[in-house]
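Working notes, beginning with the structure itself.
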Amino acid sequence: MTSKTAMRILMAIVALIFLFSWIIKSGSGVSDSTFTNVRDGFLITFAVFLTLSIFSFLYHDNPFYKFAESLYVGISAGYWMCYGFWSTVVGNFVPRASRSLSEFFHVPYQERADHILIYIPIIFGLILLTRLLPRIGWLSRWSLAFIIGTTAGLNLTRYLRSDFISQVSNSFIPLFVDWKGAGDFINHISLAADGQFIAILSNWVIFVGVMCGLVYFFFSKEHKGTFGVASRIGIWILMITFGASFGYTVMGRISLLVGRITFLFGDWLNIL
Amino acid sequence: MKHIKLILFICLSLCLTQAIVAQTATDPPAETAPAVQPPAPPGNVILKDLPNDEGHGILVRWDLSPDDGAGRNTVISYDIYRALSPSAPDSLWMNVGTVVLGTKRYSDKSVEKDAPDFLPKKTDLYYRVVAVGAGVRSTPASAGPVQAYDNWFNSMKMPELIFCIVFLILTVRFINMAKRGIDLYVRPLAGIEAIDEAIGRATEMGKPILYVLGIGTAGDIATIASFTVLGRVARKVAEYQTSMIVPCCDPVVMTIAQEIVKTGYADAGRPDTFKEDSVYYVTSQQFPYVAAVNGTILREKPATNIYLGYFAAESLLLAETGVLAGSIQIAGTDQVSQLPFFVVACDYTLLGEELYAASAYLGREPLLLGTLKAQDYLKAIVLVLMVALLALRVITGADVISKPFDAPWW
Amino acid sequence: MKRQIPLVLVFIFGVLLAIQYFIPSEPSQKGYEFVLDWITIIGIFAMVLGIWSQIHVGYYKIRHRAEDWKYSVVTMVSMFGMIFLGLSPFGGLQGTTFRLIYTNIFIPIQATIFALLAFYIASASYRAFRARSAVSTVLLVAALLLMLRVIPMGPLADPINKIGSWMLLVPNLAAKRAILIGVGLGGVATALKIVLGIERSYLGKD
Amino acid sequence: MGLIISIIVIGGGLLWILYLSIKGRDVDRRIVYLFVGTTVALAIIFRLEFGEVATPIVKSVFDKIENLPAGSKIVLSYDFDPAMAPEVNPMANAFIRHILEKKHRLYFMSLWATGQSLLSVSLDSVLKPEFPDAKYGVDYCNLGFKAGNEGVLNVVITNLRKMFPSDANGNSLDSLPMFKDVESLKDMDLLISIGGGKPGVKEWVLFAGDPGKVAMAGGSAAVSTPLLYPYWPKQLIGLLGGTKGAAEYEAELIKRYPRFKDKSMPALRMMGPQTMAHVVIIAFIVIGNIAYFRSRKKGEQS
């Protein structure tokens, strides 16, 4: 009961602040039209309200977050459907399906001899819709099979170059860069970033790292003995990478927060 | 009839472009011309159908003009011209390309039918190569006819083909071995074993399992891999009579997921307990989807969250919220950039290839384990190649052949 | 019938598209473009199923006054409102109200949700980066080094920067390659299993 | 003054947390959130700034633009969305300033639909007010957005007009003087893609820079930068990674052209809160480890 009362008081306070902000922001609008000022005042206040509602999720789940979330999901779904309608249906499908429809939507009709083929995906699409009819719903598997089959076929060969062949191929790197004998190497040893030592070290780390990483991914062999050592090195290399990527990402995330706080303090409170 | 139209069209467009070219060519003042002698023409023009293409390309090769980099050293560039007849008037020779001095080849390629320089298939074509100096041009070196035609195999893709064949042979071999009952060992993977345990835990706690397929479409192989795991998880969930929530980010993915979960329940002998609304579509956009799933995590407090598939920035948003809700979390993706966040925030993470292996592990069917073995063999081949390379270096003293699969050595 | 035809379809389209990759000739390229187009068009029909699913779930909640049903009303109203605005012939995607809602409601929420990551990345580092074992120490040290890059460290800045860049460049490359090679193999294996019908858990029994 | 207040508030709080966790108390995640939020807010309010110096990977992009002869053709592609904008928009603006200052020709485009609205903001807030003499169609132009991701690049690298028969405002490319000698992207002197997602810098390298053999530079969100590093220095002449990269570029720009000093340099300003927030996160990691070792010691003793 008390928490419910507290919630009500909180909501009342939020509503008051909202109104207050709306009035102030409308009053400080720059447009000549009162309507525009009142509208913009509302929009910025609402945006602030939503921003704070989302942040309140950090404390814990609450009605404000739920409201912002529901609104967001609804707008997104609606936006996505409109976008899909205009770009795919009107932009892609109508110009090839029918002349009269094209005229209706003011898109140029594409006359093509092979436009008859467009009925194949339409049939598959209609079959997909049989899902909504319980008795023949299993028919929809045909369309799903088409999608899964093409995806599998596309992936069977297409990513081999970028994900496998190029990667293997690029691992064949010179392990003794500019090698002129051990004496020369020791004489010129330095920690300069573009020096021979660093170049050789880096290439060895890549070479050994790739090998050990591959060993780590072996499924049919126990990680014991030499194999275990190699896979252990593999994990280390992976962990260095993950740690580094994580640490490197922190900055980007803080920037996003800076953006939001700047919005709150600058655009809303005008104290920056 | 059709061809005549086409040829007429091409001739017309040739005329037009040539007219434009001719006009621009005569534009600059000609006062420098008499001072410089025209360079000697390039020699020995050889024409060939451009290999590995869809039939709208010709490879033109020639010997450098004696004045290119030597002799009078007056060549600046080469102009390549194409026409449909060797005796065509100059205006019908279309300039299809210009290359700088020292170049001995040019790929003339134009696929689009409406392009002015469209290169027709199976038509006799004639070429001229002209060496160009400052304000002067050599006499043309001509060759032809040549025809462009469709190629039926892209020889640049030979490594892929060899790979596929080797992979197929290995897979069939190991599947046969598995069928004969030979035991194929696979080492335990903690993340995958955790899936089994997690379903049991959810049953004990009486809480649902959240299965997130990521934000990929059905066109991502990671999503497909996730489907294969979902099928097995759904079946176990039905056997244990636990509940399951599968929010989806793509309508196609949702449809397939519904079908999978439904059949999983049917396979477990409990088709009646399947609720269609347990697999639902949220929205196709990344962050709204995450907002909704995060809300679900905090409200339903699932015993286990499974994130398998294609993920982007939402990885940490989901995983940290899962930590707040106290769920056991198992993640897996092939997105290298998102692995760190899953590794840090989840209890178990399937790294890259492990995601693809998960279904075989869960199913424990000999047929599926066979492909795992084939994958291992290919990794072994790569390893052997790399070690051989190192040995070669030590023995011969010559450093590596770089990028062995990029040059068409076959 | 229920199971055989899908498997046959998967096989046929899988093999065709896998082989198509090697054939540069014109009919093959055309076919490839067609298939990609088809998937988009089937996607339109799938969208109908998506909308249906959403309405179904929302309607069920509202009808049965399930917990938080009021929020389903918010979702439904905002969804249909957007659809009404976006499909109405007076503006479509460029309509004033449609754009205002998108830029003043949608975008602020989107940016804020993304910004939650700043907090999450902090709490995740606090919780997870502990020197529990050798492996977790490696993770911790690598992360710390990269975070230190941002802070002006005077004379230490240059070496930290160099080591940090090196870690992002070299071990990162090795790990990425090892993972990608595995991913490549795993992806091909999964695709092959599906095309050959070895993996059919997604199709069920009957 | 602001610095002192911030240090007292944050430092004092952290010491208190350290004391508590040594005592064996758990730190609630919400305390962490509170600290991160407060730190960033304080740094923003007091406008804390720290000096930046360009690293080689950033410097090489700057030098490239600096050393190209005036009138060179540079493509700047906006491949990002509002969520990424705070991080990468400053780069875009810095590039615009630098490119137009050097009197190069600037071609805008985007592979992300969302890029166009962000571009129009850049045009209105930076390009038009700061370079009133720059003429549309002569000094800069906007090709607009085309759907098709890397497919677009596949086409424009051989034929620009096929994909973009007209610019974003519907002008035929042939009517714009700056397209006179442009057949495809191969005729460009430098391609710059700004974006952290897909399609982004990577796709630009693979589908435009590499096949067209055109110099390519990139700016990307911090999260995807490590994966782009391997393309430097061969396939990418340089790369601006996240706000730090942008700040370094801005610093370099101000150093070379002091007239930009009073212009808004958001990345440089961003680095203040960044530095503070990183200090706080690192402090929490250290506190966490101290607490962990203490509790382990206690465990061993008992």
Side-chain angles (χ1 to χ4, degrees), chain A residues 43 47 50-51 54 58 66 70-75 77-79 81-82 84 86 88-89 121 124-125 128-129 138 141 145-146 148-150 152-158 163-164 167 202 205-206 209-210 213-214 217 236-241 243-244 246-248 250-251 253-254 256-257 260, chain C residues 2 6 9-10 13-14 17-18 21 34-35 38 40-42 44-45 47 71 74-75 78-79 82-83 86-87 92-93 104 106 108-109 112-115 117-119 121 135 138-139 142-143 146-147 150 162 167-168 170-175 177-178 180-184 187-188 191 194-195:
Chain A
L43 284 175
L50 292 171
T51 302
I54 298 284
L58 291 169
K66 286 183 196 169
S70 315
L71 184 71
Y72 184 42
V73 170
I75 291 179
Y79 176 82
M81 281 161 201
C82 298
W86 290 111
T88 317
V89 180
F124 271 122
L128 190 66
L129 290 187
W138 54 270
R141 282 187 192 167
F146 167 76
I148 291 184
T150 44
L154 286 171
N155 283 282
L156 191 54
T157 40
R158 264 167 199 79
D163 283 357
F164 186 80
Q167 299 304 329
S202 300
V205 168
I206 292 174
V210 172
L214 282 179
F217 284 116
W236 275 55
I237 297 269
L238 290 179
M239 287 304 153
I240 292 178
T241 305
F246 190 102
Y248 190 65
V250 175
M251 248 188 87
R253 303 310 187 217
I254 302 288
L256 300 165
L257 179 60
R260 288 330 284 163
Chain C
K2 284 183 182 175
L9 279 174
V10 165
F13 282 102
L17 276 159
Y21 175 71
F34 273 129
V35 170
W38 293 356
T40 327
I41 291 169
I42 296 177
I44 300 172
F45 289 89
M47 207 179 272
Y71 300 104
V74 175
T75 308
S78 49
M79 179 171 90
M82 270 319 248
I83 292 179
L87 295 190
L93 295 182
N104 290 287
F106 187 84
I109 302 183
T112 314
I113 293 209
F114 206 177
L117 276 172
F119 298 103
I121 213 165
V135 172
V138 170
L139 190 73
L146 264 291
M147 287 188 205
V150 176
K162 274 189 180 148
M167 283 201 301
L168 289 176
V170 177
N172 179 28
L173 193 60
R177 281 215 180 116
L180 275 186
I181 291 175
V183 165
V188 172
I194 284 180
V195 172

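In what follows, chains carry the letters A, B, and so on, assigned in the order in which the sequence lines appear, proteins first and then strands, with residues in each chain numbered from 1.
Residue contact with chain A, scored on non-hydrogen atoms closer than 4.5 Å, involves the side chain of C/V150 exclusively. Looking at C/L117, the atoms closer than 4.5 Å to chain A (heavy atoms on both sides) sit in the backbone and in the side chain alike. Contact of A/R260 with chain C is made through the side chain alone, with heavy-atom distances under 4.5 Å. In this structure, chain C has a heavy atom under 4.5 Å from the side chain of A/L50, while its backbone stays farther away. With a 4.5 angstrom heavy-atom cutoff, C/F119 touches chain A only via side-chain atoms. In this structure, the portions of C/I113 lying under 4.5 Å from any heavy atom of chain A include both its backbone and its side chain.
Looking only at heavy-atom pairs under 4.5 Å with chain C, the residue among A/A152, A/P121, A/G125 that has the most is A/P121. Your options are A/G84, A/G149, A/G209, and the one with the most heavy-atom pairs under 4.5 Å with chain C is A/G149. Ranking C/V74, C/I181, C/I83 against chain A, the residue ahead of the rest is C/I181, based on heavy-atom pairs under 4.5 Å. Contact count versus chain A (heavy atoms, under 4.5 Å) is highest, among C/G184, C/G187, C/A142, C/G182, for C/A142.
In plain terms, the two heavy atoms of C/L146 and A/Y248 that are nearest each other are CD1-CD1, 3.7 Å. Between C/M82 and A/Y79, the closest heavy-atom pair is CB-N, 4.1 Å. Heavy-atom minimum distance, A/R253 versus C/A118: O-CB, 3.3 Å. Minimum interatomic distance between A/N155 and C/V188 (heavy atoms only, all atoms of both residues): O-CG2, 4.4 Å. Annotation for C/I121 and A/F246: closest pair CG1-CZ, 3.5 Å, computed over non-hydrogen atoms.
Ring-plane geometry between C/F106 and A/Y72 is classed as tilted, the angle between the planes lying from 30 to 60 degrees on a 0 to 90 degree scale. Taking the six-membered ring for Trp and thresholds of 30 and 60 degrees, C/W38 and A/F146 have ring planes inclined between 30 and 60 degrees apart.
For the pair A/M81/C/M79, a side-chain contact is recorded, criterion being any heavy-atom separation below 4.5 Å from C-beta on. Inter-residue side-chain proximity for C/T75 and A/L71 is flagged as unmet; no heavy-atom pair is nearer than 4.5 Å. Counting only heavy atoms from C-beta outward, the side chains of A/W86 and C/L87 approach each other to under 4.5 Å. For the pair C/F13 and A/I148, the minimum side-chain heavy-atom distance is 4.5 Å or more.
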